[in-house]
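Structure first, then comments.
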2 protein chains.
Amino acid sequence: MQNNQNIKVAVDAVVFGYHNNALYVLLVQQKYGVYKDQWVLPGGLVHNGETLTNAVHRELQEEAGININYLEQLYTFGDDVERDKRNQVISVSYFALVNPDNLKLSAATDAQDVKWQNINNIPKLPFDHNLIIDTAFKRIKAKLHYQPIGFDLLPKKFPFSDLEHLYATILEQEIDRRNFRKKILSFGFIKKCNEKQKNGSGRPAQLYTFDPNKYKALEKNGMHFEIKFA
Amino acid sequence: MQNNQNIKVAVDAVVFGYHNNALYVLLVQQKYGVYKDQWVLPGGLVHNGETLTNAVHRELQEEAGININYLEQLYTFGDDVERDKRNQVISVSYFALVNPDNLKLSAATDAQDVKWQNINNIPKLPFDHNLIIDTAFKRIKAKLHYQPIGFDLLPKKFPFSDLEHLYATILEQEIDRRNFRKKILSFGFIKKCNEKQKNGSGRPAQLYTFDPNKYKALEKNGMHFEIKFA
DNA sequence: TCAAAAGTGTTTCGCCTACACCCATGT
DNA sequence: ACATGGGTGTAGGCGAAACACTTTTGA
């Protein structure tokens, strides 16, 4: 095996959080090095002997002290040989979701600062991180249609209207409340709780919860989750 | 930037070809090293300063002398730290299609031998190459439903029934000839040629061709290619 | 009593499904 | 004339789309 390969392997993560009816991405501020003070996606070089997945979890802990709720590989960026000006680095990028219970960012140990940045207001970032975020944004939009990932952005118990607003916000389109509700409930993996939630004025909302086991069972029986909008 | 990372970056490709109503995967026989004589997916380490995509094209040339028709990134395998017993290597895997005009494999320079292996008869391969092939097979099945990739497995001009058989073969299900034809033609990106094709007995088949420009134009106008089967 | 958000049914329309016979050629 | 594969139309059902008023609470 040739031994002079000089290419580094990094992982980067686009972590989405949803609150106040808006979608946010986690950014960290570099503490050291050439990119010091710049805001970037959390991530870093993979350690020797470490799996890619573990590297992502480690970096998220080290840089933001955050626990994620859903993780999947997004894409590997390596067609721009100079995407990192220090060395040839390929980035195995991941896509993660955090629910509101885990939104609090701890004072990071490996980053100078950490913040949630509104997806509609992402500044120009170093490397190809804007491209990575765009790719992730497309992915989340696509997945909302055919995978139950919206629930990973909401608390365990949520009013139905929150789910509806989440879809409307992320997909950037209006949706018909009645048809949406009918369709989602028809699958049978959403359960009604024995609680209601009051928020200021307006009628209190019935709380619902997503049942992942029911989902898996239904899927095994041939259910195909898919939701479209007029 | 830390400089002691000892992880290699390889690319591997699952190249699909379709002929005689069957789907095949390109395998190469290793010429050197610990894995000498074993059949594996074409691929190898990325060169310094080389993009991932170029690495794939280069390896396919060196090992099989083949020109591909469609290429997309599949997945990056790096969660089994010992997937290669020589060193920690991550594999950025690709998914490629070859049409029948390019099926001929040249006597490879960097491989001992090269062959098309029926997808339904893949032997146990070294590394995690069986897993990679499975992933690619799932991907091609999924993509057939919502992207016009079937045409990259057929010659430029083809009888409609070939397309139908391709779908039936790859998806491993029967499809209704009339409904399939109606649906595909309704999109408007398939054009009738002024030729017919005779093959032995039976009525000669009208030839059709896929018009990629028309496809793009229609897609821009909101067309959404999707085909399902009862 | 008004504002604010939650909850709920019906009709229409278009698409997907199911399904069987005739056509052109070679042997 | 028979075997082989190519080519075509229609009716019914089901799910998606469109659409507006009532209910419950807080101020």
Side-chain angles (χ1 to χ4, degrees), chain A residues 19-22 144-146 150 154-155 157-169 171 173-209 218 222-230, chain B residues 19-22 144-146 154-155 157-169 171 173-188 190-209 218 222-230:
Chain A
H19 56 110
N20 296 132
N21 282 347
L144 274 183
H145 292 281
Y146 61 90
L154 292 176
K157 298 177 179 185
F158 55 87
F160 216 96
S161 55
D162 276 14
L163 184 65
E164 180 202 326
H165 290 133
L166 183 148
Y167 269 80
T169 303
L171 298 178
Q173 64 183 271
E174 294 197 344
I175 59 186
D176 184 286
R177 193 147 36 107
R178 283 169 291 188
N179 291 339
F180 180 75
R181 191 191 187 93
K182 228 180 303 171
K183 182 71 184 178
I184 296 278
L185 287 175
S186 74
F187 290 115
F189 51 69
I190 302 287
K191 282 183 185 160
K192 189 184 285 194
C193 305
N194 289 323
E195 288 174 64
K196 302 211 177 192
Q197 177 176 300
K198 311 180 186 183
N199 33 323
S201 78
R203 177 173 171 173
Q206 176 66 242
L207 293 181
Y208 289 86
T209 192
L218 288 166
M223 177 204 65
H224 189 56
F225 174 46
E226 184 174 9
I227 183 150
K228 291 183 185 172
F229 305 98
Chain B
H19 56 110
N20 296 133
N21 283 346
L144 275 183
H145 292 281
Y146 61 89
L154 292 176
K157 298 176 179 186
F158 55 87
F160 216 97
S161 56
D162 276 15
L163 184 65
E164 179 203 326
H165 289 132
L166 183 148
Y167 268 81
T169 303
L171 298 179
Q173 63 184 269
E174 295 196 345
I175 60 188
D176 183 286
R177 191 150 37 109
R178 283 169 290 188
N179 292 338
F180 180 75
R181 190 190 188 94
K182 229 179 306 172
K183 182 75 185 177
I184 296 277
L185 288 175
S186 73
F187 291 114
I190 302 287
K191 281 182 184 160
K192 190 183 283 191
C193 304
N194 290 323
E195 290 176 61
K196 303 214 176 191
Q197 176 174 301
K198 311 180 186 183
N199 33 323
S201 77
R203 176 174 173 174
Q206 176 67 242
L207 292 181
Y208 290 86
T209 192
L218 288 167
M223 177 203 66
H224 188 58
F225 173 46
E226 186 175 9
I227 183 150
K228 292 184 185 175
F229 305 98

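FYI, side chains are in, hydrogens and waters are out, and symmetry mates aren't considered; it's all heavy atoms of this structure. So that the names make sense, note that chain A is the first sequence line, chain B the second, and so on, each numbered from 1.
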* Asked: Within the modelled atom types, does a donor on one side and an acceptor on the other bring the side chain of A/Arg177 and the base of C/dG7 under 3.5 Å apart?
  -> yes
* Asked: What's the verdict on side-chain contact (heavy atoms from CB on, under 4.5 Å) for A/Ser161 and A/His165, showing C-alpha distance, side-chain angles and the deciding distance?
  -> CA-CA 6 Å; A/Ser161 55; A/His165 290 133; 4.1 Å; yes
Expected rows: protein N/O vs nucleotides 9-11 of chain C N/O, under 3.5 Å:
from: C/dG9; atom 1: O6; to: A/Lys182; atom 2: NZ; distance (Å): 3.4
from: C/dT10; atom 1: O4; to: A/Lys182; atom 2: NZ; distance (Å): 2.9

* **Closest approach of A/Phe187 to A/Leu218 (non-hydrogen atoms, all atoms of both residues)** => O-CD1, 3.2 Å
* Structure fact -> Here the distance between atom P of D/dG9 and atom NZ of B/Lys183, to the nearest Å, is 19 Å
* Structure fact -> A/Glu174 CD to D/dA17 P, in whole Å, measures 15 Å
* Structure fact -> On a heavy-atom basis, the closest approach of A/Lys196 and A/Gln206 is CE-NE2, 3.8 Å
* What is the distance, rounded to the nearest whole Å, between atom NZ of B/Lys192 and atom C1' of D/dT8? -> 11 Å
* **side-chain contact (heavy atoms from CB on, under 4.5 Å) evaluation trace for B/Tyr208 with B/Leu163** => CA-CA 10 Å; B/Tyr208 290 86; B/Leu163 184 65; over 6 Å; no
* Asked: Got more than 12 heavy atoms from elsewhere within 6.0 Å of CD, A/Gln173?
  -> yes
* To do: Give the rounded distance in Å between these two atoms: CZ of B/Phe187 and C1' of C/dC15.
  => 12 Å
* **Spacing of A/Glu226 atom CD relative to D/dG15 atom P, expressed in whole Å** => 14 Å
* To do: Ignoring the backbone of A/Gln206, work out which of D/dG7, C/dC16, C/dG7 is nearest its side chain.
  => C/dG7
* To the nearest Å, give me how far apart CG (A/Leu185) and C1' (C/dA6) are. => 13 Å
* Assess whether atom CD of A/Glu226 is packed by more than 12 heavy atoms of other residues, nucleotides or ligands within 6.0 Å. => yes
* To do: Tell me which nucleotide among C/dT25, C/dA5, D/dA16 gets nearest to the side chain of A/Arg203.
  => C/dA5
* Spacing of A/Ile227 atom CD1 relative to D/dG15 atom P, expressed in whole Å -> 15 Å
* Hey, does the side chain of B/Ser161 come within less than 4.0 Å of D/dG5's phosphate (OP1/OP2), counting only N and O? -> no
* To do: Measure the distance from CZ on A/Arg181 to P on D/dA16 and round it to the nearest whole Å.
  => 18 Å
* Asked: Nearest 0.5 Å, what's the CD1-CD distance between B/Ile175 and B/Glu164?
  -> 5.0 Å
* Asked: So which one's nearest nucleotide on DNA chain C is more toward 5', A/Lys196 or B/Gly200?
  -> A/Lys196
